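The sequence lines fix the lettering, A, B, ..., with proteins before strands; numbering per chain opens at 1. The structure presented is a predicted model; accordingly, all values stated were derived computationally and were not measured. All values below come from the heavy atoms of this structure, side chains included, with hydrogens, waters and symmetry mates left out.
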Amino acid sequence: MGEKFLNQFDPAATLESIENQFEMFQILNEEGKVVNEEAVPNLSDEELVELMSRMVYTRILDQRSISLNRQGRLGFYAPTAGQEASQLASHFALEKNDWILPGYRDVPQIVYHGLPLWKAFLFSRGHFVGNQIPEGVNVLPPQIIIGAQYVQAAGVALGIKKRGTADVAITYTGDGGSSQGDFYEGINFAGAFKAPAIFIVQNNQFAISTPRDVQTAAKTIAQKGIAAGIPSVLVDGMDPLAVYVATKDARDRAVRGEGPSLIETMCYRYGPHTMSGDDPTRYRTSDIDNEWAAKDPIVRFRIYLEGKGLWNEQKETEVIEQAKEEIKEAIKKADETPKQKVTDLISNMYEEKPFNLQEQYEIFEAKESK
Amino acid sequence: MAQMTMIQAITDALRCELRDDENVLVFGEDVGVNGGVFRATEGLQKEFGVDRVFDTPLAESGIGGLAVGLSLTGFRSVPEIQFFGFVYEVMDSISGQLARYRYRTGNTFNMPVTIRSPFGGGVHTPEMHSDSLEGLMAQQPGLKVVIPSTPYDAKGLLISSIRDNDPVIFLEHLKLYRSVKEEVPEESYTIPLGKADVKREGKDLSIFAYGLMVHESLKAAQELEKEGYSVEVVDLRTVQPLDIETIIASVEKTNRAIVVQEAQKQAGIAANVVAEITERAILSLEAPVLRVAAPDTIYPFPQAENIWLPNYKDILETAKKVLTF
């Protein structure tokens, strides 16, 4: 009996055949060579330069943020180096009115979507003004609870669908986040409602110290979308062109009313999980570090653009100098922001203060006026 | 005016708000074609369409996440959690997310969400269907917690909750859904949140209660009247924030008080009411403020339910202790 069943329906073979279909989508290889001519996106020279500039800028922002953190001038910070293509090329496929629901490492995307850099610094320092989003900028503050942004993205996308606008909601988590219940609930809800959402899993190989193969028996994270009935793709997350194309395709389909997509970007964080005491040498070898450093997104994009005559050392220096200058200005502006008060926090709890907060407001107003 | 049960009054409130505000959405498990497992949303999908009243996949955290996301796009969500015992599945969406967005974003984003959910014991449900978990919710800054005891209050409080610009947990006692009927206006009306209601005036003792325990307290008050005691029964209606003014005024009048809750005695709403009274009115008291509550076990198996749940006899006993102190 068992044999007949296996001849007709072999569950293990079914799984294997699905898993094997998730090949990694790549356009630009590690040497900066186009390996998939047909898939090269139709980006103008200016757009290509802009994307490169953003990646270089973000690498500098990461370096400065780390050193500011070490000087005690920034607070909570999750390093981004290595993930520039995954973060900025996916963002590059978005439009102004799209919503971003970031994880805590996804500060570059919300800055490029309109959150002033000095506010991002204030978020890092733990000042609520950093989370006061300017009107018309459709981003949320970085989410701390792993995966919570996934169910909320389904909600924003459903709202967009009900409003009938041509926008999408995009959200980011990591390989660890893809184990959360909210990950499954989010992609499943968005799928069931055919809502215009893009779910990105930045698979940077380690959830703090836990390697990707401890997270799941699934060969790829991308294949998890299949169970929710949503299109899914595995992308080389160190390749800006591939990330851009996959995200743009997901966005186009979402806006056409074809529902959500899941994108797994294979990438790596060069630095620690956060600047709060994580030591990657406890769980990663220098061999793995070197293997991924050779895939660097900026290196390969630089070669590609230099080959097209669109980039050179001078251009890169200009971007680096501009980044340093703007970071200095932003820190200055963050420094100038008045200290937050407990009375501010009390006022931000409800539209109107209930009796207990009114009483406590008066107590703290007296304390803070001393 | 029509006679309505509490469940009818709730449906009526939802109908009024769906009709009067195009941004109001009602969703949850089985709330569409089925009209909810208790029929709270009966006929609403037919009347307002599947775009405004809709079923969700079966996942409470997802339902909470939808409410957050829909708020960001300008909607006013009224999700149903099928039984409040399932709230643990949606604790992050409620306490970690909904309750915090106004605060987290320094007033940039607010969450006008009313989570409706049945709770309460005495109807022989399976496990996790009857727990009184309002104390958990009341401990979360950023939420309001509303518990009506009558059909009239249910309609007015639910409309106020939906119109509130902050998240409200609206808990409906299972045993009150169909056991009480009273006149309820057909037009829309509101009852302010955070306002208690003196359901019966008295001058010898104040009983503070909410939900089903209001009715048990009224029954106890009637018995005590036969014995010559004049007992005031105050229905808290909103358990977070409390209506301190009404509570303290009542204690200052009667000088004696007990607090009744169906939930376990440990922590919880009753303890909070006692603390507020002792902080603010200790010199008015002629006796300690005592509590009537369930024992500190997990909610009981149905066969022990009737002994475990507080009732008017327990209230009578405790009331007499305080009256004769």
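Looking at A:S90 and A:Y172, their side chains do bring a donor and an acceptor atom within 3.5 Å of each other. Checked by atom type, the side-chain pair B:T190/B:R163 shows no donor-acceptor distance below 3.5 Å.
Of the listed residues (A:V129, A:L140, A:D182, A:N138), the one with the most heavy-atom contacts under 4.5 Å to chain B is A:L140. Of the listed residues (B:N110, B:T56, B:D164), the greatest number of heavy-atom pairs within a distance under 4.5 Å of chain A belongs to B:T56. Between chain A and the options B:D243, B:N107, B:L25, the largest number of non-hydrogen pairs under 4.5 Å is found for B:N107. Your options are B:S93, B:S77, B:G74, B:A99, and the one with the most heavy-atom pairs under 4.5 Å with chain A is B:G74. Contact tally against chain A (heavy-atom pairs below 4.5 Å) for B:A67, B:G64, B:P241, B:P167: the top residue is B:P241. Of the listed residues (A:F193, A:Y184, A:F128), the one with the most heavy-atom contacts under 4.5 Å to chain B is A:F193.
Looking at B:D92, only its side chain comes within 4.5 Å of chain A, counting heavy atoms on both sides. For B:L193, no part lies near chain A; criterion is any non-hydrogen pair under 4.5 Å. Proximity to chain A (any heavy atom under 4.5 Å) is restricted, for B:D166, to the side chain, taken from C-beta onward. Heavy-atom distances place the side chain of B:N23, and not its backbone, under 4.5 Å from chain A. For B:T73, the parts lying near chain A are the backbone and the side chain together; criterion is any non-hydrogen pair under 4.5 Å. Only the side chain of A:E185 comes within contact range of chain B, with heavy atoms under 4.5 Å apart. Residue A:Q180 does not touch chain B at all, counting heavy-atom pairs closer than 4.5 Å. Residue contact with chain A, scored on non-hydrogen atoms closer than 4.5 Å, is absent for B:E22.
A:F76 and A:F123 have perpendicular rings, their planes meeting at more than 60° on a 0 to 90° scale where under 30° would count as parallel. The aromatic rings of A:H113 and A:H91 sit perpendicular, their planes meeting at an angle over 60°, well past the 30° parallel limit.
For the pair A:R163 and B:F75, the cation sits on the ring face: its NZ or CZ lies under 6.0 Å from the ring centre, inside 45° of the axis. For the pair A:K224 and A:F183, the cation sits on the ring face: its NZ or CZ lies under 6.0 Å from the ring centre, inside 45° of the axis.
For the atom pair CG (A:L74) and CZ (A:R125), the distance works out to 6.0 Å, reported to the nearest 0.5 Å.
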Exercise. For A:Q215 and A:S179, run side chain to side chain donor-acceptor pair (under 3.5 Å): C-alpha distance rounded to whole Å, both residues' side-chain angles, the deciding distance at 0.1 Å, then the answer.
Key: CA-CA 6 Å; A:Q215 292 295 339; A:S179 297; 2.7 Å; yes

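Put simply, the residue from B:K144, B:M91, B:Q240 that forms a side chain to side chain contact (heavy atoms under 4.5 Å, CB included) with B:M137 is B:M91.
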